[in-house]
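Note that the coordinates shown come from a computational prediction; the quantities given were computed from them, not determined experimentally. Each chain gets a letter, A, B and so on, in the order the sequences are listed, and its residues count up from 1.
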Amino acid sequence: MAVSLNRLKKRADFLRVAGLRRKWAAPGLILQTAPSTDTEMQADSLRVGFTVSKKVGNSVCRNRARRRLKAAVGEIFPADATPGLDYVVIGRRDTLDRPYSLLLQDLRTALKRVGALRAVSVEAPKEAQAEA
RNA sequence: CCAGACGGCUGGACGGUCGCUCUCCGGGUCAAACCGGGGGGAGGAAAGUCCGGGCUCCACGGAAAUACGGUGCCGGAUAACGUCCGGCGGGGGCGACCCUAGGGAAAGUGCCACAGAAAGCAAACCGCCCGCGCCUCCUCGGAGCCGCAGGUAAGGGUGAAAGGGUGCGGUAAGAGCGCACCGCGCGACCGGCAACGGAAGCGGCACGGUAAACCCCACCGGGAGCAAGACCAAAUAGGGGCGGCACUGUCCUUCCUUGGAAGGACGAAACGCGUUUCCGCGUCGCCGCCCGGGUCGGUCGCGAGAGGCGUCCGGUAACGGGCGUCCCAGAUGAAUGGCCGUCCAACCCCGCAAGGGGGGGACAGAACCCGGCUUACAGGCCGUCUGGCACC
RNA sequence: GCGCCCUUAGCUCAGUCGGAUAGAGCAGCCGCCUUCUAAGCGGCAGGUCACUGGUUCGAAUCCAGUAGGGCGCG
């Protein structure tokens, strides 16, 4: 079943997700997660935010990196990401040149290593919460 | 054909698939959400934010002045400009053409290091020369050393710059002292709207440079910026009003009908929490409705414009005018794309060549809008012109 | 959107209302001292003064334009 995606927009949310330090750095991207604080959110939805800093390049490069990440998230998250969490995807310099198939793999492994991959069953989020 | 100068245009193409945003139509809904279909969707620089405007708010009696900042040959264009066009002066190039912050230094002040005698008003270090004095030599005419008083700016030397240059005359030596030419200053008059150009004649020549040093003169500038500004408006906590329920004691003040109402102070009680007594903490009415300020959020501002294209007319041109035609991005953690395929260029390699292989698009992303400037940029195309070579 | 500042040796900074050799400390190299090292002493080298133009006789300094970096306000 698919999950509906919402956008993370507040600076405070980004800081909160980064502050939990639950992250995985893949060659093409970095993924951070945290339990969502949005109580009104529905059970089958999640929130994603994107960060591409000036280290990546000028505005054309940053825009392109963010669009590729958006496309990758739109392809993978509805089926494979655990709902009820907030995610932050951070672009790197290699996001621009990395082949798209590898970028998708990066996102899957990042979801797995961060403990938010739905295909690994329901155990993973509990472990993650226990660690936190 | 080679080399070069100037101006303009362009800034990959096609297809598949999955998406985003705005809008229109149809369906759907109380209204939305949503579904289907059609259409629009980054740039010449969107950039830097260096100027000029529109727009909005604030301030202000029209405004002027001071301070501060800016501009700075002349004329024109323009809403305006530090922009553009045309012209002038100066410099560079064989040339097409290019560069040029280019007002005022006799309004005043400052500075011109080192070197040099002297650096801004004339002055005189080594020199040169006349005269006088002393001494020496002597072919008895003079020559030389030293000193004193003067005359000089030719020569030497310093410097970025030393108060016109060259030649002839002249003189004790010299000197615009005189003359010729060149330069310089003033300049009647002529041409030009002007900047400026030409120029008879006059002047023996003075008035160094620096204003991107202070400054003077002329002109321009009120301040802030779409996060401007306007509107709608949640939860929570304050403020105000109305109504209902509850309302224990003492004291004080005020008002009115034995009693009650309003406000204030004090303590207690009550209620809630900590299991209870004790003790501690919290509450001083509670509930409902309405009003106002205001935050998150949302809507407007927000794209028909100093607009694009075509054509005609005026103007050397910048530009202006008439007519016709078109509607051409509107996001807000921020859309305009992700992926795949084919092809055409740059570029690299092999080859004398035809060709073959690799490779993969430059700079760069709207944020209220417009006019410029500046900066970045793989390349491609077009036009005008200059110099040279060859041929007719 | 608006306002301001900085760039000088490998590093941290002087010099910034113009004047000819651009300085200081640390670091580096050489020598002295010491059994050796550190410290100390003496010496040496090291600079397109961010870049490009311009003004001036003369520019790190003044002016203009770029590039990079930093700060502040809403």
Side-chain angles (χ1 to χ4, degrees):
Chain A
M1 74 179 242
V3 175
S4 65
L5 302 179
N6 292 325
R7 211 47 197 279
L8 209 59
K9 292 183 175 180
K10 297 286 186 178
R11 176 171 161 78
D13 288 331
F14 281 82
L15 292 177
R16 180 175 53 77
V17 173
L20 267 181
R21 308 205 167 274
R22 211 163 96 192
K23 66 173 186 177
W24 176 254
L29 54 90
I30 299 173
L31 182 69
Q32 298 175 327
T33 40
S36 182
T37 54
D38 194 352
T39 51
E40 296 181 4
M41 201 168 68
Q42 311 220 340
D44 61 342
S45 68
L46 54 85
R47 299 195 297 175
V48 191
F50 297 91
T51 296
V52 182
S53 78
K54 271 191 176 177
K55 266 189 289 185
V56 175
N58 60 23
S59 55
V60 175
C61 295
R62 296 198 302 270
N63 241 331
R64 179 172 162 79
R66 182 165 42 76
R67 283 164 176 159
R68 295 192 84 196
L69 292 177
K70 274 171 70 179
V73 166
E75 198 164 328
I76 289 181
F77 268 39
D80 293 340
T82 307
L85 296 180
D86 286 346
Y87 297 84
V88 171
V89 186
I90 300 175
R92 323 183 70 177
R93 202 183 299 272
D94 289 337
T95 309
L96 296 171
D97 300 325
R98 198 157 172 81
Y100 192 66
S101 55
L102 292 180
L103 201 61
L104 294 178
Q105 276 184 25
D106 285 346
L107 191 54
R108 281 203 194 86
T109 28
L111 272 178
K112 188 176 170 188
R113 300 304 293 250
V114 112
L117 189 64
R118 241 192 337 179
V120 195
S121 88
V122 203
E123 250 70 17
K126 284 189 176 173
E127 282 178 13
Q129 280 179 350
E131 283 179 20

Trainee: Does one side chain, of A:Tyr100 or A:Glu75, offer a donor that lies under 3.5 Å from an acceptor on the other?
Mentor: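 Their side chains do contain a donor-acceptor pair, which is all the 3.5 Å distance test asks for.
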Trainee: Should B:G151 be called syn or anti, with syn set as within 90° of 0?
Mentor: anti
Trainee: Give me the distance, rounded to whole Å, that separates B:G36 from B:G359 when you measure between the P atoms they each carry.
Mentor: 42 Å
Trainee: Suppose we define a pair by two distances each less than 3.5 Å, Watson-Crick or G-U wobble; what does C:G72 pair with here?
Mentor: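 In the structure as shown, C:G72 has C:C2 as its Watson-Crick or wobble partner.
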Trainee: Assign each of A:Arg66 and A:Ala71 to its nearest nucleotide of RNA chain B by heavy atoms, then name whichever residue's nucleotide is nearer the 5' end.
Mentor: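 Per heavy-atom nearest nucleotide, the more 5' residue is A:Arg66.
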Trainee: Would you kindly give the NZ-to-C1' distance between A:Lys54 and C:G70, to the nearest whole Å?
Mentor: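 For the pair A:Lys54 NZ and C:G70 C1', the rounded distance is 12 Å.
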Trainee: Between the protein and nucleotides 294-297 of chain B, are there any N/O to N/O pairs under 3.5 Å, and if so, what are the atom names and distances?
Mentor:
unit_1	atom_1	unit_2	atom_2	d
B:G297	OP1	A:Lys10	NZ	3.0

Trainee: List the steps, then state whether side-chain contact (heavy atoms from CB on, under 4.5 Å) holds for A:Phe50 with A:Val73.
Mentor: CA-CA 10 Å; A:Phe50 297 91; A:Val73 166; 3.9 Å; yes
Trainee: Taking the P atom of each, how far is B:U10 from B:G308, in whole Å?
Mentor: 14 Å
Trainee: Without decimals, in angstroms, what is the distance between A:Asp97 CG and B:G360 P?
Mentor: 11 Å
Trainee: Under 3.5 Å for both donor-acceptor distances, Watson-Crick or wobble: does B:C242 have a partner, and if so which one?
Mentor: B:G288
Trainee: Write down the partner of B:G116 under the Watson-Crick or G-U wobble criteria, each distance required to be under 3.5 Å.
Mentor: none
Trainee: Step by step, work out the side-chain contact (heavy atoms from CB on, under 4.5 Å) result for A:Leu5 and A:Leu46.
Mentor: CA-CA 5 Å; A:Leu5 302 179; A:Leu46 54 85; 3.3 Å; yes
Trainee: Which whole-number value in Å describes the distance from A:Arg67 CZ to B:A364 P?
Mentor: 17 Å
Trainee: Given the C1' atoms of B:G209 and C:U56, what is the spacing between them in whole Å?
Mentor: 10 Å
Trainee: Under 3.5 Å, is there a donor-acceptor pair between the side chain of A:Arg22 and the main chain of A:Val17?
Mentor: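 No, the answer is negative, given that no donor and acceptor are paired below the 3.5 Å cut-off.
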Trainee: Would B:G305 be called syn or anti here, given the cut-off of 90° from 0?
Mentor: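 Anti.
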Trainee: Regarding A:Ser101, tell me which of base, sugar-phosphate or nothing describes its non-hydrogen contacts under 4.0 Å with the strands shown.
Mentor: nothing
Trainee: Does B:C381 have a Watson-Crick or wobble mate here (both distances under 3.5 Å), and if so which one?
Mentor: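 Its partner is B:G8 (Watson-Crick or G-U wobble, both distances under 3.5 Å).
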Trainee: When the P atoms of B:A42 and B:A329 are compared, how many Å lie between them, rounded to an integer?
Mentor: 9 Å
Trainee: Just confirming the chi classification of B:G44, syn or anti, using 90° around 0 as the syn window.
Mentor: syn
Trainee: Using purine N1 to pyrimidine N3 plus N6-O4 or O6-N4 for Watson-Crick, or N1-O2 and O6-N3 for G-U wobble, each under 3.5 Å, what pairs with B:C186?
Mentor: B:G201
Trainee: Which nucleotide in the list B:G333, B:G365, B:A335 gets nearest to the side chain of A:Phe14?
Mentor: B:G333
Trainee: Which base sits across from B:C281 as a Watson-Crick or G-U pair, both distances under 3.5 Å?
Mentor: B:G272
Trainee: Determine yes or no for a side-chain-to-main-chain donor-acceptor pair under 3.5 angstrom, with A:Arg92 supplying the side chain and A:Ala26 the backbone.
Mentor: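 Yes: the side chain of A:Arg92 pairs with the backbone of A:Ala26.
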Trainee: Can you check the A:Phe50 CZ to B:C20 C1' distance for me, whole Å?
Mentor: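 Value for this atom pair: 13 Å.
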Trainee: Could you say whether A:Ser59 or A:Arg98 is positioned toward the 5' end of RNA chain B, judged by the nucleotide with the nearest heavy atom to each?
Mentor: A:Arg98
Trainee: B:C111 pairs with which nucleotide, Watson-Crick or G-U wobble, both distances below 3.5 Å?
Mentor: B:G209
Trainee: Taking B:G305 as the reference, what is the distance to B:A79 when you measure between their C1' atoms (whole Å, please)?
Mentor: 14 Å
Trainee: Drop me the distance from A:Lys55's NZ to A:Arg93's CZ, to the nearest 0.5 angstrom.
Mentor: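 CZ of A:Arg93 is found 8.5 Å from NZ of A:Lys55.
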Trainee: Between B:U152 and B:A175, how many Å separate the two C1' atoms, rounded to a whole number?
Mentor: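 About 8 Å, rounded to a whole number of Å.
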Trainee: Step by step, work out the side-chain contact (heavy atoms from CB on, under 4.5 Å) result for A:Lys23 and A:Leu31.
Mentor: CA-CA 5 Å; A:Lys23 66 173 186 177; A:Leu31 182 69; over 6 Å; no
Trainee: Taking atom P of B:C340 as reference, at what distance in whole Å does atom CG of A:Leu103 sit?
Mentor: 11 Å
Trainee: Rounded to whole angstrom units, what separation is found between the CZ atom of A:Arg64 and the P atom of B:A335?
Mentor: 15 Å
Trainee: How far, in whole Å, is B:U49 from C:G70 if one measures between their P atoms?
Mentor: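 To the nearest whole Å, 14 Å.
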Trainee: Hey, does the side chain of A:Arg68 come within less than 4.0 Å of B:C339's phosphate (OP1/OP2), counting only N and O?
Mentor: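 Result: yes.
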Trainee: Would you please test A:Leu107 and A:Leu29 for side-chain contact (heavy atoms from CB on, under 4.5 Å) and show each step?
Mentor: CA-CA 7 Å; A:Leu107 191 54; A:Leu29 54 90; 4.1 Å; yes
Trainee: Glycosidic conformation of B:A42, syn or anti, with 90° from 0 as the boundary?
Mentor: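 Glycosidic conformation of B:A42: syn.
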Trainee: Counting distance only, does the side-chain N/O of A:Arg62 pair as donor-acceptor with the main-chain N or O of A:Gly57 below 3.5 Å?
Mentor: yes
Trainee: Please report the distance, rounded to the nearest Å, between CG in A:Leu69 and C1' in B:G337.
Mentor: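 Going from A:Leu69 (CG) to B:G337 (C1'), I get 13 Å.
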Trainee: Under 3.5 Å, is there a donor-acceptor pair between the side chain of A:Thr95 and the main chain of A:Gly28?
Mentor: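 Yes; judged by distance alone, with no hydrogens or angles, the pair exists.
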Trainee: Describe the nucleic acid contact of A:Arg62 in one word from base, sugar-phosphate, nothing, applying a heavy-atom distance below 4.0 Å.
Mentor: nothing
Trainee: My understanding is that a pair needs two contacts under 3.5 Å, Watson-Crick or G-U wobble. By that rule, which nucleotide pairs with B:U332?
Mentor: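 Pair assignment: B:U332 / none.
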Trainee: I want to verify the glycosidic state of B:C34; is it syn or anti under the 90° rule?
Mentor: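 Anti, which is what one calls it when the glycosidic angle falls more than 90° from 0.
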Trainee: Rounding to an integer number of angstrom, what distance separates C:G47 and B:A117 when you compare their C1' atoms?
Mentor: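 Result for the C1' pair: 41 Å, nearest Å.
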Trainee: What is the distance from OH of A:Tyr100 to P of B:G19, rounded to the nearest Å?
Mentor: 12 Å
